[in-house]
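A note on names: the letters A, B, ... follow the listed sequences, proteins ahead of strands, and every chain is numbered from 1. Bear in mind the structure is a predicted one, so any value in this text is a computation, not a measurement.
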Amino acid sequence: MTPRLRFAPSPTGDLHVGGARTALFNWLYARHLGGQFLLRIEDTDRERSTEHAVRAIFDGLTWLGLDWDEEPLFQHAREAAHRAAAAQLLQSGHAYRCYCTTSELEQMREEQRAHGAKPRYNGRCRHRSDAPDLPFVVRFKTPSDGSIAFDDLIKGRMVVANDELDDLVLQRSDGTPTYNLAVVCDDAAMRITHVIRGDDHVNNTFRQLHLYRALGLTEPAFGHMPLILGDDGAKLSKRHGATSVFEYARLGYLPAAMRNHLARLGWSHGDQEHFTTDELIAAFDIHEVGSSPSVFALQKLDSLNGWYLRNSDLDELTDLFAKYLDREGIAVEVDHDRSWLRQIVAAQRERTTTFKEMAEKSGYFFRTPLELDEEAAHKHLRPVVLEPLRELRDALAALDAPLTAEAVKTPFEAILARHELKMGKLAQPARVALTGSAISPGIFDVIEITGKQRCLDRLDAALAYVERRATGELAS
RNA sequence: GGUCCCAUCGUCUAGCGGUUAGGACGCCGCCCUCUCACGGCGGAAGCAGGGGUUCAAUUCCCCUUGGGACUACCA
């Protein structure tokens, strides 16, 4: 039997990091086993499901690099099968019609709470023999004694007494199936062999196990992974900041970093911190997933992202960065080609942690008017550098060959030697002149990326600035 | 409240009866250095508490405490 795993989100919003990790673990394990990874959209609640959210889930998975096999199954399309299952259970005596109204149920729970009892359905309609012409729901007749157990792939043996489980609704009064019925029918129909989902489903698993048995279906193996918590220890939610994978995409994180980070939440492989996707697939084993919840720490993601920035293939990175700029509408107001952008990525990737930061710190490459940092200018563009800076300008102007970092090095150092200057004494003024800032990539790289004409223009402007200071036109 | 799950540095984690309790992020210091980074080296930082079991418990068991999940005609 080939392993078949699935990710079954309900389309009520973007793909959030918790769902992303569930998808990732299913995907990893499916690939690890050489099986299939399937998608099912749990849209039986037509009210809350939106087409936009379906799109968002597909896009989110695609961004993360998780591919799925076969066409995604939309659960609402299987309503007939779900009804048939409910009918079968009614027929076999495993379920019954319940005519209690919502307000009656509300009142029932209210009273139970008042008595300090567990609020649950009391089985009032369980034994009624009449069949009034009233709206009804189909309820499952949960065994009243004994217990139900299963061996969780992650948590081990799980047991609960049957009387903790009340008679759940299988089919609503409008004839639509509820979650638990639909899940069981569809997992069986999809021949799912391993159900790996969040911890929040353990209670459902007990109920679903009863349904599998009542329906005479083969049970899959179950694994419940611990939830992801926010940095305050509570279940990750909006108030913890970005929760949608798209937000991370927009913040300039790499899918590879996100995958690595998510994978390491609850799972580890010795002391290994960085994984290629193939390594992840080879090493991942659902049995090794830890059972305690973990906190989604942004700092760790940052460091991982920086690592992937520094260690990924430069061309791939350049493509991704170009896409990022495009997606975020960040304009590059200079004629350029892919190799120019590649130089920027090469120069910036050691000093940035995300594409967002990379873009922000590359403004002096992207745009022509320079924003001069006052403090940096005041500190580094002083009259003493007038001569060396002018010589640099002239040396660059005199160079016939393109201003590559390599080509610029020699004349630059000649000026240093002539004036008996340390590297920093000329590099910093030049840096401020060319970038407007005291912080940038190496000065030779900056010169190369900036290009001859812009270098000369900017040096001229800086020279003029220094001259004005020298003549006292500017307060120094 | 009830049921279930969980508990090693601040965080992610290794550990699977005997370890100077390891790694990573973050933090601190030093080195490298044209700035910022990267990189290298070093440091501070942890077994929640209490009982057992055992020659020996971070490790096995129980209790306490603390977290979390579930408790719908949502999924």
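Between B:rA72, B:rC34, B:rA75, one nucleotide has an atom nearer to the side chain of A:Gln428 than all others, and that is B:rC34. In this structure, the nucleotide among B:rC34, B:rC36, B:rU3 sitting nearest to the side chain of A:Glu164 is B:rU3. The side chain of A:Ala297 approaches B:rU11 more closely than any other nucleotide in the set B:rA75, B:rU35, B:rU11. Listed candidates were B:rC38, B:rG23, B:rU11. Nearest to the side chain of A:Glu350 is B:rC38. The side chain of A:Ser303 sits closest to B:rC25 out of B:rU13, B:rC73, B:rC25. Proximity note for A:Pro293 (side chain, C-beta onward) versus B:rC6, B:rC73, B:rU13: the nearest is B:rC6. Listed candidates were B:rC34, B:rC4, B:rC5. Nearest to the side chain of A:Val160 is B:rC4. Taking only side-chain atoms of A:Ile439, from C-beta outward, the nucleotide of B:rC36, B:rA14, B:rA7 with the closest atom is B:rC36. In the set B:rA75, B:rA37, B:rC34, B:rA75 carries the atom at the smallest distance from any side-chain atom of A:Ser10. Nearest nucleotide to the side chain of A:Met158, out of B:rC4, B:rA75, B:rU35: B:rC4.
Spacing between B:rC9 and B:rG15 at atom C1', rounded to whole Å, works out to 14 Å. B:rU54 sits 41 Å from B:rU71 when the C1' atoms are compared, rounded to a whole Å. Rounded to a whole angstrom, the distance from the C1' atom of B:rC4 to that of B:rG22 is 33 Å. Comparing B:rG18 with B:rU33, their C1' atoms are spaced 47 Å from each other, to the whole Å. B:rG1 and B:rA37 have their P atoms separated by 50 Å, given to the nearest Å. Rounded to a whole angstrom, the distance from the P atom of B:rA44 to that of B:rG51 is 30 Å. Distance noted for atom P between B:rA69 and B:rG26: 29 Å (whole Å). B:rC41 and B:rC32: their C1' atoms are spaced 11 Å apart (whole Å).
Within 4.0 Å (heavy atoms only), A:Asp43 reaches no atom of the nucleic acid at all. Contact annotation for A:Thr12: no contact, since no heavy-atom pair falls under 4.0 Å across all strands. Using a 4.0 Å heavy-atom criterion, one finds that A:Ile443 contacts the bases of the nucleic acid, with or without backbone contacts as well. Contacts of A:Gly198 with the nucleic acid, taken as non-hydrogen atoms under 4.0 Å apart, are absent. The residue A:Val169 sits close only to the backbone: its heavy atoms come under 4.0 Å of sugar-phosphate atoms, none of a base. Residue A:Arg310 is classed as a sugar-phosphate contact, given heavy-atom separations below 4.0 Å to backbone atoms only. When heavy atoms are screened at a 4.0 angstrom cut-off, A:Val432 is found touching no nucleic acid atom at all. Among the heavy atoms of the strands lying under 4.0 Å from A:Pro441 is at least one base atom, whether or not backbone atoms are also near.
Following rounding to the nearest Å, A:Arg120 (CZ) and B:rC4 (P) show an atom-to-atom distance of 13 Å. For the pair A:Arg207 CZ and B:rA75 P, the computed distance is 13 Å after rounding to whole Å. Between the CG atom of A:Leu265 and the P atom of B:rU11 there is a distance of 13 Å, given to the nearest Å. The OH-P distance, from A:Tyr179 to B:rA72, rounds to 15 Å in whole Å. We find that NE2 of A:His201 is positioned 18 Å from C1' of B:rU3, with the value rounded to whole Å. Between the CG atom of A:Asp302 and the P atom of B:rC12 there is a distance of 16 Å, given to the nearest Å. Rounded to an integer number of Å, the gap from CG of A:Leu229 to P of B:rU13 is 11 Å. Rounded to whole Å, atom P of B:rU71 lies 7 Å from atom CG of A:Asn204.
Nucleotide B:rC47: unpaired (no Watson-Crick or G-U wobble partner with both distances less than 3.5 Å). In this structure, B:rG42 and B:rC28 make a Watson-Crick or G-U wobble pair, each of the two defining distances being under 3.5 angstrom. Across all strands shown, nothing is found opposite B:rU53 as a Watson-Crick or G-U wobble partner with both distances under 3.5 Å. With a cut-off of 3.5 Å on both Watson-Crick or G-U wobble distances, the partner of B:rA69 is given as B:rU3. In this structure, B:rG17 makes no Watson-Crick or G-U wobble pair, since no nucleotide meets both defining distances under 3.5 angstrom.
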Let's go through A:His261 and A:Leu265 carefully: what are the C-alpha distance in whole Å and the side-chain angles of both, what is the deciding distance for side chain to side chain contact (heavy atoms under 4.5 Å, CB included) to 0.1 Å, and is it a yes or a no? CA-CA 7 Å; A:His261 188 237; A:Leu265 254 35; 4.3 Å; yes
Could you walk me through whether A:Phe296 and A:His240 pass ring pair (Phe, Tyr, Trp, His ring centres under 6.0 Å), step by step? CA-CA 9 Å; A:Phe296 186 89; A:His240 294 107; 10.0 Å; no
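Under 3.5 Å, the side chains of A:Asp445 and A:Gln343 contain no donor-acceptor pair of N or O atoms. For A:His224 and A:Thr205, the side-chain atoms include at least one donor-acceptor pair closer than 3.5 Å.
Between A:Trp267 and A:Phe284, the ring-plane angle classifies as tilted under the 30° and 60° cut-offs. Aromatic ring orientation, A:His76 versus A:Phe74: perpendicular (interplanar angle above 60°, classes split at 30° and 60°). By the 30° and 60° cut-offs, the orientation of the rings of A:Phe321 relative to A:Phe355 is tilted.
For the pair A:Tyr99 and A:Glu273, nearest-nucleotide mapping onto RNA chain B gives the more 5' position to A:Glu273. Heavy-atom nearest nucleotides on RNA chain B were determined for A:Thr352 and for A:Lys300, and the one closer to the 5' end corresponds to A:Lys300.
For the pair A:Leu389 and A:Leu463, the tightest heavy-atom approach, listed with the atom from each and the gap, is CB-CD1, 3.6 Å.
Contact of the A:Tyr121 side chain with the A:Thr142 side chain is not registered, since no non-hydrogen atoms from C-beta on lie closer than 4.5 Å.
OP1 or OP2 of B:rU13 has at least one side-chain nitrogen or oxygen of A:Ser294 nearer than 4.0 Å. In terms of phosphate contacts, A:Arg109 brings a side-chain nitrogen or oxygen within less than 4.0 Å of OP1 or OP2 of B:rC73.
One donor-acceptor pair, N or O on each side, does fall under 3.5 Å between the base of B:rC73 and the side chain of A:Ser173. Judged by distance alone, with hydrogens and angles left aside, A:Arg351 brings no side-chain donor or acceptor close enough to the base of B:rC38 to form a pair under 3.5 Å.
Using a 5.5 Å limit on the distance between ring centres and a 30° limit on the angle between planes, the aromatic ring of A:His224 does not count as stacked on the six-membered base ring of B:rA69.
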